[in-house]
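Below is one structure; the comments refer to it alone.
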Number of protein chains: 2
Amino acid sequence: MKLPHNLTQQLTHTLGLAIINGQYAVGKGMPSEAEICEQFEVSRSSTREAVKMLSAKGLISSRPKQGIRVLPETNWNMFDTDVLSWILKSKPSLSLLKEFVQVRLAMEPVAAELASQHATPSQLHSIEAALNRIEDAENGLDDALDSEIAFHSAILEASGNRFFIQLKDFINTALRVGTRYQNYIYENQHDMVNAHEQIFNNIKSGNAVKAKEVTTDFLEKILGRVESKL
Amino acid sequence: MKLPHNLTQQLTHTLGLAIINGQYAVGKGMPSEAEICEQFEVSRSSTREAVKMLSAKGLISSRPKQGIRVLPETNWNMFDTDVLSWILKSKPSLSLLKEFVQVRLAMEPVAAELASQHATPSQLHSIEAALNRIEDAENGLDDALDSEIAFHSAILEASGNRFFIQLKDFINTALRVGTRYQNYIYENQHDMVNAHEQIFNNIKSGNAVKAKEVTTDFLEKILGRVESKL
DNA sequence: TAATACGACTTATAAGATAAATTCTATATG
DNA sequence: CATATAGAATTTATCTTATAAGTCGTATTA
């Protein structure tokens with residue numbers, strides 16, 4: 001297989017995706033440095049740099065004589081942007097979707113709670129703008145998925161906690177995985193829009209308890225629908 | 001500065017720690033490849049591999065002519081094991097501790113809920129073993145910090161959700177940051193032990209609602225004590 | 001003034017050589 | 001025969017040098 005420019009990046013993505021796809025056995029099964037060079041027709045420099053990037057993400061280890069081996073899944077940086085994008089490309093399953101929603105159910109209600117306490121006017125405005133886009137999407141004026149991602153990301157941003165903010169990519173991926181099964185997620189579009197309006201209104205009015213509660217209700221409904229399909 | 005063996009790894013850690021310490025200005029301020037080679041007396045290969053590892057973790061970007069620049073904090077992989085360890089070494093502040101506890105308050109109650117539903121007998125046993133160590137620690141027979149880390153990690157493991165499992169390093173770091181202020185965390189040791197016993201008992205008996213509730217109570221108490229010191 | 005071409009600088013890729021670490025094997029020794 | 005030790009083979013780690021490609025600034029030119 002021949003790769004164009006940005007060799008290191010391309011090779012990293014190709015190998016990362018292949019690993020997450022399960023194309024190499026855990027504990028062994030990766031080709032050696034030299035074999036990767038041959039197979040993809042790249043220099044050792046590029047190969048080694050790609051290998052370093054993948055080990056930085058916890059996917060592989062590389063030692064003299066042992067070679068390059070795939071690490072067990074518990075070592076993978078599941079919150080890494082690239083790892084998430086490879087998961088999205090390779091493994092969209094309902095049970096994975098359930099795991100995503102479980103994390104959302106843990107994080108997002110607390111994020112909404114924090115946002116209702118700490119959001120700046122500008123951050124509130126971002127949430128509201130995204131809400132308006134969601135409402136427009138109901139009428140087909142805007143993209144439904146993008147606007148929903150913008151809405152939930154804006155809440156995370158307004159939490160003021162850098163760990164929550166870091167989860168924007170995670171939520172992005174979770175929602176995109178969800179679209180693979182979109183017909184299962186929302187009972188009807190109007191309820192969904194309504195839930196988002198409630199979340200925003202409680203954040204805006206600074207009602208932390210209620211903001212957390214309506215976010216929990218919203219996500220529990222989604223989780224219920226995912227579980228009912230398993 | 002001269003570095004011994006494992007040059008790439010050492011250089012990665014040295015630079016990663018320096019970046020998180022704020023020794024290089026965001027947006028610029030990193031020395032060029034050639035300067036790093038000189039300063040640390042390593043070859044370009046090792047330098048480039050270290051740079052690749054750091055960009056894989058979202059700390060820096062590297063482009064021709066632009067050089068190596070520190071990325072804004074929102075790009076950092078805050079859930080990466082190495083990044084967390086550098087944070088632990090460099091920035092233990094009360095406001096950071098608060099952010100850690102806020103994440104724990106989001107994740108751990110849900111993890112306990114899931115554990116009470118899905119834990120295998122073997123996983124239950126691990127949680128119980130850690131609890132026993134915590135009880136022993138009260139009498140000075142075991143290390144208090146290690147046993148508490150083991151307890152909370154075992155619950156995450158028992159959640160059966162790979163994202164929660166991935167957070168073990170995070171909890172580990174959160175608890176270690178907490179020890180920098182340990183006197184502020186627990187009102188008294190006995191209450192703490194008691195809370196852990198309640199958490200375990202509810203997980204063991206499969207009482208998901210109560211397991212979530214007592215975990216929330218426990219962490220809210222900790223959060224309250226941290227906030228009272230800010 | 002604006003568009004283009006050129007030069008300088010920095011990272012990206014390549015290729016070849018040596019060092020270090022680890023595994024396996026064979027040999028020697030009890 | 002069992003075991004420990006030495007060494008050979010293999011693979012990654014590091015170093016060096018050379019060339020390519022990309023980016024920015026500048027100067028030249030219309």
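Quantities reported herein were computed from a predicted structural model and do not represent experimental measurements. Numbers restart at 1 for each chain; the letters A, B, ... are given by sequence-line order, proteins then strands.
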What distance separates A:I134 CD1 from A:S147 OG, expressed to the nearest 0.5 Å?
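A:I134 CD1 to A:S147 OG: 5.0 Å, rounded to 0.5 Å.
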
[N] OP1/OP2 closer than 4.0 Å to side-chain N/O of [X]:
X     : N      : value
A:Q66 : D:dT12 : no
B:S46 : D:dA13 : no
A:S45 : C:dA15 : no
A:R48 : D:dT12 : no

Protein-nucleotide distance ([X], atom [atom1]; [N], atom [atom2]), rounded to Å:
X     : N      : atom1 : atom2 : answer
B:Q9  : D:dT12 : CD    : P     : 15 Å
B:N6  : C:dT22 : CG    : C1'   : 14 Å
A:L11 : C:dA12 : CG    : C1'   : 14 Å
B:K65 : D:dT23 : NZ    : P     : 12 Å
B:E41 : D:dT14 : CD    : P     : 15 Å
B:I68 : D:dT23 : CD1   : C1'   : 15 Å
B:E49 : C:dT11 : CD    : P     : 16 Å
B:E38 : D:dT16 : CD    : P     : 13 Å

Is there a donor-acceptor pair closer than 3.5 Å between any side-chain N or O of A:N75 and the backbone N or O of A:G58?
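No, the answer is negative, given that no donor and acceptor are paired below the 3.5 Å cut-off.
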
When you measure from the side chain of A:N77 to the backbone of A:D80, do you find a donor-acceptor pair of N or O atoms at a distance under 3.5 Å?
no

Given [options], which nucleotide is nearest the side-chain atoms of [X]?
X     : options                : answer
B:P64 : D:dT16, D:dG22, D:dT12 : D:dG22
B:V42 : D:dT14, D:dC15, D:dT10 : D:dC15
A:S43 : C:dT13, C:dT23, C:dT11 : C:dT13
A:E33 : D:dT12, D:dC15, C:dA14 : D:dT12
A:S62 : C:dA14, D:dA13, D:dC15 : D:dA13

Ion pair present between A:E33 and A:R48, side-chain N to carboxylate O less than 4.0 angstrom?
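Looking at A:E33 and A:R48, the cut-off is met.
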
For the pair A:I60 and A:I19, evaluate side chain to side chain contact (heavy atoms under 4.5 Å, CB included) and give the outcome as yes or no after the intermediate values.
CA-CA 9 Å; A:I60 59 180; A:I19 290 168; 3.5 Å; yes

Both B:R63 and A:R63 contact DNA chain C. Which one's nearest nucleotide lies toward the 5' end?
B:R63

Could you label the plane-to-plane angle of the B:F100 and B:F170 rings as parallel, tilted or perpendicular, counting under 30° as parallel and over 60° as perpendicular?
tilted

Would you call the rings of A:F79 and B:F163 parallel, tilted or perpendicular, where under 30° means parallel and over 60° means perpendicular?
tilted

What does the list of N/O pairs under 3.5 Å between the protein and nucleotides 16-18 of chain C look like, with a distance for each?
from	atom 1	to	atom 2	distance (Å)
C:dA17	N6	A:R44	NH1	3.2

Under 4.0 Å, heavy atoms only, any strand: does A:S32 hit a base, just the sugar-phosphate, or nothing?
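It contacts sugar-phosphate atoms only.
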
Within a 6.0 Å radius of atom NE2 on B:H118, are there more than 12 heavy atoms belonging to other residues, nucleotides or ligands?
yes

